[in-house]
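Structure first, then comments.
Residue numbers start at 1 and run along the sequence shown.
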Amino acid sequence: MDSLKQCTDKQKSSIKLRLIVMNFLEFAAWGAYLTSMGAYLSEVGLGKDIGNYYAIQGIVSIFMPAIMGIVADRWVQAQRLLSFCHFMAAVFMGLATWVGLAVGPGEVNGFALFSLYTMSVAFYMPTLALSNSVAYTSLDKVGLDTVKAFPPIRVFGTVGFICAMLFVDFTKFQNTPYQFLVSGVISLVLALYSFTLPHCDVGRNSGKQSISEALGLKAFSLFRDRKMAFFFIFSLLLGVSLQITNGYANPYIQSFGKYPEYEGLFFVEHSNLLISLSQMSETLCILLIPFALKRFGIKNVMLISMFAWVGRFGFFGFGNPGNGVWLFFLSCIVYGVAFDFFNVSGSLFVDKETDVSMRSSAQGLFMLMTNGLGATIGSLAAKEVINHFVFTNPLDPSFMSLPGWRTSWFIFAGYACVVGIAFAILFEYKHTRE
């Protein structure tokens with residue numbers, strides 16, 4: 001009996017370690033460009049198109065995670081599909097790098113770059129849900145509680161994200177297309193590593209199922225439950241905030257460098273390093289999730305997240321990289337709560353509230369509402385707001401109005417506040433403390 005227990009403990013430790021490596025690589029591939037791409041686009045005269053690049057992540061997330069989730073639930077093992085998606089993402093990121101390097105600044109073929117980037121994220125975005133599905137399935141197989149075991153594993157995804165950000169910052173890639181190459185190389189490594197991950201079972205009775213079940217549309221039946229319907233609707237509304245600072249924080253901080261009093265300051269030159277404090281905050285906040293969920297319940301946890309977004313945007317509006325840099329620090333600290341208490345807790349909530357037969361489809365639906373519809377609407381709306389208030393000189397595409405930046409951040413903070421109040425009133429969920 002002791003030897004059996006020892007073997008089981010070793011197996012659990014092995015699974016955890018393998019999932020840690022998977023999460024590290026998964027988010028490192030994203031962190032290589034997600035927060036620095038806006039700075040690069042501004043550098044090559046494509047600043048007004050920043051919103052399009054972040055919106056396309058949301059657009060492909062409307063259908064690609066759901067489609068890949070269906071495939072993983074019905075036909076292809078999730079870990080093999082994860083490998084295929086990362087391989088394709090790596091190929092297109094490599095081609096995007098080539099386009100960026102083929103010509104000088106200001107001469108980049110915007111259409112070609114955007115097209116290749118679109119294809120890359122179309123294959124990358126489903127991997128966020130697929131990696132969750134692989135992790136939850138693997139943990140279940142060895143008898144581990146996902147609510148307790150997953151957050152400490154997921155925290156290494158944030159560590160990977162940070163490491164990629166810092167690498168891009170200190171190699172001075174944040175204003176160059178080499179950030180895309182870094183992402184592609186990491187995706188290629190994960191594509192190969194995925195073949196070592198535990199096998200995930202697929203449905204064996206698909207031939208006996210209805211057409212809607214075979215297509216994975218059963219997950220949409222969750223909207224019949226009032227609680228789940230409101231959860232997904234507010235997931236969409238909160239998803240609006242997800243990509244705004246990823247797209248615009250870096251060019252915002254760098255824009256201070258055009259003013260004499262801020263020129264040459266450390267955090268102006270290393271804006272990606274400053275932004276990485278947000279992800280460092282994530283690593284700590286993820287570890288709070290099991291405690292927060294069990295003590296406060298999903299409603300209060302998501303409510304905390306919504307008002308944390310108010311602070312995230314508001315502190316950015318009031319801060320500066322000089323004597324007001326402490327407000328930037330506060331913005332980065334609350335980001336961990338804003339992002340994790342929504343994204344990770346929401347994923348765990350969906351996992352617990354749905355049947356195992358539609359696990360991947362339900363995770364895909366959650367991705368659709370947040371990183372799909374929500375992020376698309378948010379990125380396009382943010383683009384209109386910032387282009388209106390910030391890029392106010394049509395003769396100089398590199399001009400960015402600092403007062404306009406601040407007005408934009410305050411508008412975003414007001415939106416998050418309204419969503420939080422509405423959620424507190426409308427979402428009903430009775431939490432039973434364990």
Side-chain angles (χ1 to χ4, degrees), residues 28-54 56-57 92-114 116-117 120-121 161-186 243-260 262-279 316 320-321 325 328 332 379 382-383 386-387 390-391 393 396-402 405:
W30 209 11
Y33 67 86
L34 189 65
T35 62
S36 55
M37 180 171 60
Y40 165 66
L41 294 173
S42 295
E43 185 79 12
V44 297
L46 298 173
K48 288 190 174 182
D49 295 328
I50 291 174
N52 294 335
Y53 280 76
Y54 286 87
I56 200 63
Q57 289 190 151
F92 286 110
M93 272 300 182
L95 292 173
T97 306
W98 178 77
V99 168
L101 293 174
V103 293
E107 302 174 356
V108 175
N109 185 326
F111 176 77
L113 181 66
F114 182 74
L116 292 168
Y117 173 80
S120 181
V121 296
F161 194 101
I162 294 169
C163 288
M165 287 182 67
L166 296 179
F167 179 80
V168 168
D169 183 281
F170 287 110
T171 54
K172 301 187 183 301
F173 288 168
Q174 67 178 9
N175 288 64
T176 77
Y178 283 114
Q179 59 188 284
F180 298 137
L181 181 61
V182 174
S183 175
V185 170
I186 296 171
Q243 296 298 336
I244 294 176
T245 50
N246 286 333
Y248 292 103
N250 212 313
Y252 166 57
I253 296 170
Q254 289 191 12
S255 71
F256 281 91
K258 296 183 178 180
Y259 294 82
Y262 301 113
E263 186 178 4
L265 290 181
F266 180 80
F267 285 118
V268 173
E269 299 294 326
H270 295 278
S271 50
N272 226 32
L273 173 61
L274 175 60
I275 297 168
S276 73
L277 297 177
S278 301
Q279 280 65 44
F316 256 127
N320 65 68
V325 73
F328 283 171
C332 292
S379 295
K383 172 191 170 185
I386 289 176
N387 284 357
V390 176
F391 296 101
N393 187 347
D396 183 3
S398 65
F399 175 81
M400 291 182 279
S401 166
L402 191 55
W405 274 120

Nearest 0.5 Å, please: how far is CZ in Phe267 from CG in Leu277?
6.5 Å

Between Thr35 and Asn272, does any side-chain donor sit less than 3.5 Å from a side-chain acceptor?
yes

Rounded to the nearest 0.5 Å, what separates atom OG in Ser278 from atom CD1 in Ile162?
9.0 Å

The reported gap from CG in Leu95 to CG in Leu113 (rounded to nearest 0.5 angstrom) is 11.0 Å

Below 30° counts as parallel, above 60° as perpendicular, anything between as tilted: where do the rings of Phe170 and His270 land?
tilted

Under 4.5 Å between any side-chain heavy atoms of Ile386 and Trp405, yes or no?
yes

For the rings on Tyr117 and Phe92, is their centre-to-centre separation under 6.0 Å?
no

In Å and rounded to the nearest 0.5 Å, what is the CD1 to OG distance from Ile253 to Ser271?
5.5 Å

Contacts of Asn387 that satisfy side-chain hydrogen bond (donor to acceptor under 3.5 Å, both in side chains) - sequence neighbours left out
none

Ile186 and Ala28 have their tightest heavy-atom pair at CD1-O, 3.7 Å

Is the shortest heavy-atom distance from the side chain of Val390 to the side chain of Tyr248 under 4.5 Å?
no

Under the ring pair (Phe, Tyr, Trp, His ring centres under 6.0 Å) test against Phe256, which residue among Phe266, Phe316, Tyr262 passes?
Tyr262

Separation of Asp49 CG from Phe114 CZ (nearest 0.5 Å)
8.0 Å

Taking the side chain as every heavy atom from C-beta outward, state whether Leu116 and Val99 have any atom pair closer than 4.5 Å.
yes

Looking only at heavy atoms, what is the nearest atom pair of Gly51 and Ser379, with distance?
O-CB, 3.7 Å

Would you confirm whether Tyr54, through its side chain, and Asn246, through its main-chain N or O, come within 3.5 Å as a donor-acceptor pair?
yes

Evaluation steps, side-chain contact (heavy atoms from CB on, under 4.5 Å), between Gln243 and Gln57
CA-CA 9 Å; Gln243 296 298 336; Gln57 289 190 151; 3.6 Å; yes

Do you know the tightest heavy-atom contact between Ile50 and Gly38?
CD1-O, 3.5 Å

Separation of Leu34 CG from Met165 CE (nearest 0.5 Å)
8.5 Å

For a 4.5 angstrom cut-off between non-hydrogen side-chain atoms, does Val121 reach Tyr33?
yes

For the residue pair Ala39 and Asn250, what are the closest heavy atoms and their distance?
CB-OD1, 3.7 Å

Check Ala32 against Ala164 and note the closest heavy-atom contact, atom names and distance.
N-CB, 3.7 Å

If we only count heavy atoms from C-beta on, is the Leu166 to Cys163 side-chain gap below 4.5 Å?
no

Side-chain donor/acceptor pairs under 3.5 Å, residues 176-185, sequence neighbours excluded:
| unit_1 | atom_1 | unit_2 | atom_2 | d |
| --- | --- | --- | --- | --- |
| Thr176 | OG1 | Phe173 | O | 3.1 |
| Thr176 | OG1 | Tyr178 | N | 3.2 |
| Gln179 | OE1 | Ser36 | OG | 2.8 |
| Gln179 | OE1 | Met37 | N | 3.2 |
| Gln179 | NE2 | Gln174 | O | 3.2 |
| Gln179 | NE2 | Thr176 | O | 3.0 |
| Ser183 | OG | Ala29 | O | 2.6 |

Testing the basics here: between Tyr53 and Leu46, what is the closest heavy-atom pair and its distance to 0.1 Å?
OH-CD1, 4.3 Å

Within the 4.5 Å heavy-atom criterion, are Val108 and Tyr40 side-chain neighbours or not?
yes

